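Written below as C-alpha coordinates is the structure these notes are about.
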Amino acid sequence: MSESSVTVTVKLFAAYQEAYGLPELSLEFPTGTPVVAVQEHLITEHPELKQWQNLTRFGINLEFVEAETILQDGDEVVLIPPVSGG
(Lines give C-alpha, C1' and ligand atoms only; values in the text may rest on other atoms or scores of the structure.)
Protein backbone atom coordinates (compact mmCIF):
# COMPACT_ATOMS: atom_id res chain seq x y z
CA MET A 1 0.00 0.00 0.00
CA SER A 2 1.28 3.48 -0.78
CA GLU A 3 0.49 6.82 0.82
CA SER A 4 -1.80 7.62 -2.09
CA SER A 5 -4.16 4.75 -1.34
CA VAL A 6 -6.30 3.34 1.45
CA THR A 7 -7.17 -0.28 2.19
CA VAL A 8 -10.59 -1.06 3.63
CA THR A 9 -12.36 -4.20 4.80
CA VAL A 10 -15.78 -4.58 3.23
CA LYS A 11 -18.26 -6.71 5.19
CA LEU A 12 -20.77 -8.30 2.82
CA PHE A 13 -24.41 -8.96 3.71
CA ALA A 14 -27.52 -10.27 1.95
CA ALA A 15 -27.35 -9.89 -1.86
CA TYR A 16 -23.74 -8.66 -1.74
CA GLN A 17 -22.60 -11.74 0.17
CA GLU A 18 -24.62 -14.00 -2.14
CA ALA A 19 -22.95 -12.47 -5.21
CA TYR A 20 -19.42 -12.96 -3.85
CA GLY A 21 -19.90 -16.08 -1.76
CA LEU A 22 -17.69 -14.48 0.89
CA PRO A 23 -18.37 -12.67 4.17
CA GLU A 24 -15.81 -9.92 3.51
CA LEU A 25 -13.33 -8.43 1.06
CA SER A 26 -10.20 -6.32 1.39
CA LEU A 27 -10.08 -3.57 -1.24
CA GLU A 28 -7.68 -0.75 -2.05
CA PHE A 29 -8.78 2.68 -3.31
CA PRO A 30 -7.05 5.99 -4.01
CA THR A 31 -6.90 8.42 -1.10
CA GLY A 32 -9.94 10.69 -1.12
CA THR A 33 -12.33 8.03 -2.43
CA PRO A 34 -15.94 8.24 -1.15
CA VAL A 35 -17.64 5.16 0.30
CA VAL A 36 -20.07 5.00 -2.64
CA ALA A 37 -17.08 3.94 -4.78
CA VAL A 38 -17.03 0.64 -2.87
CA GLN A 39 -20.55 -0.08 -4.09
CA GLU A 40 -19.64 1.01 -7.63
CA HIS A 41 -16.67 -1.39 -7.58
CA LEU A 42 -18.86 -4.29 -6.45
CA ILE A 43 -21.49 -3.52 -9.11
CA THR A 44 -18.78 -3.45 -11.78
CA GLU A 45 -17.68 -6.94 -10.74
CA HIS A 46 -21.25 -8.23 -10.21
CA PRO A 47 -23.73 -6.25 -12.37
CA GLU A 48 -26.69 -8.11 -10.83
CA LEU A 49 -26.14 -5.96 -7.73
CA LYS A 50 -27.20 -2.82 -9.61
CA GLN A 51 -30.83 -3.42 -8.58
CA TRP A 52 -29.79 -2.56 -4.99
CA GLN A 53 -27.81 0.56 -5.89
CA ASN A 54 -30.38 3.17 -4.82
CA LEU A 55 -31.65 1.15 -1.84
CA THR A 56 -28.37 0.44 -0.06
CA ARG A 57 -27.21 2.34 3.03
CA PHE A 58 -23.55 2.74 3.92
CA GLY A 59 -21.75 2.21 7.19
CA ILE A 60 -18.18 2.87 8.22
CA ASN A 61 -16.83 1.57 11.52
CA LEU A 62 -20.31 0.75 12.89
CA GLU A 63 -21.87 4.13 12.04
CA PHE A 64 -24.25 4.98 9.20
CA VAL A 65 -22.66 7.51 6.83
CA GLU A 66 -23.57 9.43 3.68
CA ALA A 67 -22.48 8.11 0.29
CA GLU A 68 -19.87 10.85 -0.14
CA THR A 69 -18.06 10.12 3.15
CA ILE A 70 -14.35 9.75 2.40
CA LEU A 71 -12.71 6.41 3.16
CA GLN A 72 -9.81 6.27 5.59
CA ASP A 73 -7.13 3.58 5.69
CA GLY A 74 -8.27 0.65 7.81
CA ASP A 75 -11.99 1.47 7.70
CA GLU A 76 -14.53 -1.32 8.02
CA VAL A 77 -17.22 -0.68 5.41
CA VAL A 78 -20.68 -2.25 5.28
CA LEU A 79 -23.23 -1.99 2.51
CA ILE A 80 -26.69 -2.59 3.87
CA PRO A 81 -29.34 -3.51 1.30
CA PRO A 82 -32.97 -3.79 2.37
CA VAL A 83 -33.76 -7.03 4.14
CA SER A 84 -37.00 -8.83 4.76
CA GLY A 85 -38.10 -11.64 6.96
CA GLY A 86 -39.17 -12.08 10.50
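What you see is a predicted model, and the numbers here were worked out from it, not measured in a lab.
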Look at the side chain of Thr69 and the backbone N and O of Val65, then say whether any donor-acceptor pair between them is shorter than 3.5 Å. no
I'd like to know if Ile80 and Leu42 are part of one continuous hydrophobic network [Ile/Leu/Val/Met/Phe/Trp/Tyr, side-chain heavy atoms within less than 4.5 Å]. no
One should read off an interatomic distance between His46 NE2 and His41 NE2, to the nearest 0.5 angstrom, of 8.5 Å
Is the shortest side-chain heavy-atom distance between Leu12 and Leu25 below 4.5 Å? yes
If hydrophobic clusters are built by linking Ile, Leu, Val, Met, Phe, Trp and Tyr wherever their side-chain heavy atoms come under 4.5 Å apart, do Ile70 and Phe29 end up in the same one? no
Side-chain donor-acceptor pair under 3.5 Å between Ser5 and Glu28, yes or no? yes
Is there side-chain contact between Val36 and Glu68, with heavy atoms separated by less than 4.5 Å? yes
State, yes or no, whether a side-chain contact exists between Pro81 and Thr56 at a heavy-atom distance under 4.5 Å. yes
Would you compute the distance between atom CD of Gln53 and atom CG of Leu79 and round it to the nearest 0.5 angstrom? 11.0 Å
Thr7 side chain reached by Ser26 side chain, heavy atoms, under 4.5 Å: yes
From the options Ile60, Val8, Leu62, select the one residue that forms a side chain to side chain contact (heavy atoms under 4.5 Å, CB included) with Glu76. Leu62
Would you say the side chain of Lys11 lies within less than 4.5 Å of the side chain of Pro23, judging by non-hydrogen atoms? no
Please determine whether the number of non-hydrogen atoms from other residues, nucleotides or ligands lying under 6.0 Å from atom CD of Glu48 exceeds 12. yes
Taking all atoms of both residues into account, what is the closest heavy-atom pair of Val35 and Ala67, and its distance? CG1-O, 3.3 Å
CD-NZ distance between Glu40 and Lys50, expressed to the nearest 0.5 angstrom: 9.0 Å
Val38 vs Leu71 side-chain heavy atoms within contact, under 4.5 Å: yes
Given side chains that start at C-beta, do those of Glu24 and Val10 come closer than 4.5 Å, heavy atoms only? no
Mind running side chain to side chain contact (heavy atoms under 4.5 Å, CB included) on Thr9 and Asp75 for me, showing each step along the way? CA-CA 6 Å; Thr9 299; Asp75 279 347; over 6 Å; no
Residue of the set Phe13, Tyr16, Phe58 for which side chain to side chain contact (heavy atoms under 4.5 Å, CB included) holds with Val78: Phe13
Mind checking whether Val6 and Thr33 have side chains closer than 4.5 Å, heavy atoms only? no
